[in-house]
Protein chains: 2
Amino acid sequence: MHTAQASLNTQSIPNAALLRTPTASRNTPELGTTRTVAKDEEVFAEGDRAAYFYKVVSGAVRTFKLLSDGRRQIDAFHLPGDIFGLESGDEHRFSAEALGDATIIAYRRCSLEVLATRDQAFANQVIASTMRALERAQDHMLLLGRKHALEKIATFLLVLSERLTEDGHVDLPMSRIDIADHLGLTIETVSRSLTQLERQGVIELPAHRRSIVLRDKAALQRLEA
Amino acid sequence: MHTAQASLNTQSIPNAALLRTPTASRNTPELGTTRTVAKDEEVFAEGDRAAYFYKVVSGAVRTFKLLSDGRRQIDAFHLPGDIFGLESGDEHRFSAEALGDATIIAYRRCSLEVLATRDQAFANQVIASTMRALERAQDHMLLLGRKHALEKIATFLLVLSERLTEDGHVDLPMSRIDIADHLGLTIETVSRSLTQLERQGVIELPAHRRSIVLRDKAALQRLEA
DNA sequence: CGCTTCCTTGAACCCCATCAATGGTGGTGG
DNA sequence: CCACCACCATTGATGGGGTTCAAGGAAGCG
């Protein structure tokens, strides 16, 4: 059992040298090793031994679960600074793949346990981070269970914009299929909803479909429900 | 920001005297105070100061979020032994209400922090428990985002039966509305799905609609997808 | 320049929501 | 003890939001 995929962003663990140092593999090789992952390459699969957890350095990673017939639920996208793949049990309960070419650092799980046992402040930070990950999961349950397509898209764009935006310009690291499998929709509905928002003048969809300009954030917030 | 509602069952925190002792209010009054809550009474509301977190002693509690127009998502039902209302921020991000008459223990949040700082083993247990809560949330996201009504009901019954069953006989502490708002369905669909399972001989619905007999768990597992 | 891949758009359908009414159970008071 | 009532659950009929199926377009890459 047991993944704790949801992102634990390192910003919130100021005391944790282990998690903060993207160059840990060079400075303290025993704590983490850098690894590059190609687009759509697997980092780990559901059922793998969870000997390591990971931090995104560059690029982005999706963690997801599959049903027997192939239906997929992406629980989170992990951006630079995020931790994923930390488990309470000894198996990964999710799969993880790179959205595009990515660089990640792998940490031995036992490192965490050793450090958490020695350093109480660090342990408290890990608790807080895990709780924040849980809270994000809970917000997402509200979205999945009770929001309509347009509300889901609006929420998604607003959440993304908090991390990826430069004055309203969002560069999407993921495809429409990924968005659909994150929001519990189909690619067609995602596409139609985005088109609708564009027609309403709320967003703009540049030609190369991997970026979105948020024209009217207030309108998105109203749509969020 | 930030709730960490999902249940942290005390079974999994063997070393944590604070969490394990239902009679803490008598033995160590500074750690927790017992409180009884009537059916549908509020324990705390979204936005309240999160000075306390809680453990269920008897009865059951729902934690939920509301959208502006009243749509509700119940993120979890908390049964005896479960912890809820633990926040990383200083406000409750959910509301909590008793399903029926219930007894709970309120702990000051600072007690947890003090204890976690002094006792590394305890801190590690809290991390593990929070991660397990997160994992349950992740399973529920798969259900909400990608499962059909019948699959949702089947999963729900199987999960419940792991905790509440005595040889297949499940006593539901919650109403159909609560089930619907947990699974992202309507009461009508919940009712129809249960009826369908009964017609298929998979379950039995006794006259007083608050219990269910699981006749064929294997069939439920097949339906789970 | 053609191919592949991804995205968009259209049309038909279906699952579940919605609207509406009935049924059943437990509680209350006569 | 029974009749009435309120609440909850069930059942039926209809409709709609989103999926499914299918085709067309647009961008990137060899």
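As the structure is a computational prediction, the values presented were derived from the model and not from experiment. Each chain gets a letter, A, B and so on, in the order its sequence line appears, and its residues count up from 1.
For the 3.5 Å distance criterion, the side chains of B/Ser95 and B/Glu42 fail to qualify, holding no donor opposite an acceptor. Defined by atom type and a distance below 3.5 Å, a donor-acceptor pair is missing between the side-chain atoms of B/Thr103 and B/Thr36.
Between the side chain of B/Ser191 and the backbone N or O of B/Glu188, no donor-acceptor pair lies under 3.5 Å.
Two residues, A/His148 and A/His208, neighbour DNA chain D, and the one matched to the more 5' nucleotide by heavy-atom proximity is A/His148. Map B/Ala207 and A/Met174 each onto its nearest nucleotide of DNA chain C; the residue landing nearer the 5' end is A/Met174.
Listed by chain and number, the residues in a ring-ring contact (aromatic ring centres under 6.0 Å, His included) with B/Tyr52 amount to none (sequence neighbours excluded). In terms of the side-chain hydrogen bond (donor to acceptor under 3.5 Å, both in side chains) criterion, residue partners of A/Lys147 (sequence neighbours excluded) are, by chain and number, A/Thr155.
With a 4.5 Å cut-off on side-chain heavy atoms, A/His148 and A/Ile153 do not count as touching. For the pair B/Leu172 and B/Ile179, the minimum side-chain heavy-atom distance is below 4.5 Å.
Atom CD1 of B/Ile177 is separated from atom P of D/dC8 by 7 Å (rounded to the nearest Å). One interatomic measurement links the two molecules: CD of B/Glu188 to C1' of D/dT14, which rounds to 13 Å at whole-angstrom precision. Per the geometry, CG belonging to A/Leu150 stands 8 Å off P belonging to D/dG18, to the nearest Å. In this structure, CZ of A/Arg71 is placed 13 Å from C1' of D/dT19, rounded to the nearest angstrom. Atom CG of A/Leu144 and atom P of D/dG18 are 13 Å apart (whole Å). Summarising the geometry, the separation between CG on A/Leu143 and P on D/dG18 is reported as 12 Å, rounded to the nearest angstrom.
Remark on the helix from C/dC1-D/dG30 to C/dG30-D/dC1: inter-end axis angle 30°, axes from five-pair C1' superpositions, rounded to 10°.
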Please determine whether side chain to side chain donor-acceptor pair (under 3.5 Å) holds for the pair B/Asp75 and B/Thr63, giving the CA-CA distance in whole Å, both sets of side-chain angles, and the decisive distance to 0.1 Å. CA-CA 6 Å; B/Asp75 76 306; B/Thr63 48; 2.5 Å; yes
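For the segment residues 193-203 of chain B, the set of residues with a heavy atom within less than 4.0 Å of an atom of DNA chain C is empty.
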Show me, pair by pair, the donor-acceptor contacts under 3.5 angstrom made by side chains of residues 218-225 of chain A, not counting sequence neighbours?
none

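Contact between the side-chain N/O atoms of A/Arg209 and the OP1/OP2 oxygens of D/dA27 is not found at any separation under 4.0 Å.
Ion pairing between a basic and an acidic side chain is recognised when a charged N comes within 4.0 Å of a carboxylate O; A/Arg72 and A/Asp181 show such pairing. Ion pairing of B/Glu46 with B/Lys65 is present here, as a side-chain N (NZ or NE/NH1/NH2) and a carboxylate O approach within less than 4.0 Å.
Chain A approaches DNA chain C over the interval C/dC7 to C/dA11, counting the first and last nucleotide 5' to 3' with an atom under 4.0 Å from its heavy atoms.
In this model, a side-chain donor or acceptor of B/Arg192 finds a partner on the base of D/dG12 within 3.5 Å.
Ring pair B/Phe84/B/Phe94: centre-to-centre distance not below 6.0 Å.
Using a 4.0 Å heavy-atom cutoff across all strands shown, A/Arg210 reaches sugar-phosphate atoms only and no base atom. Counting non-hydrogen atoms under 4.0 angstrom, B/Thr186 reaches a base of the nucleic acid.
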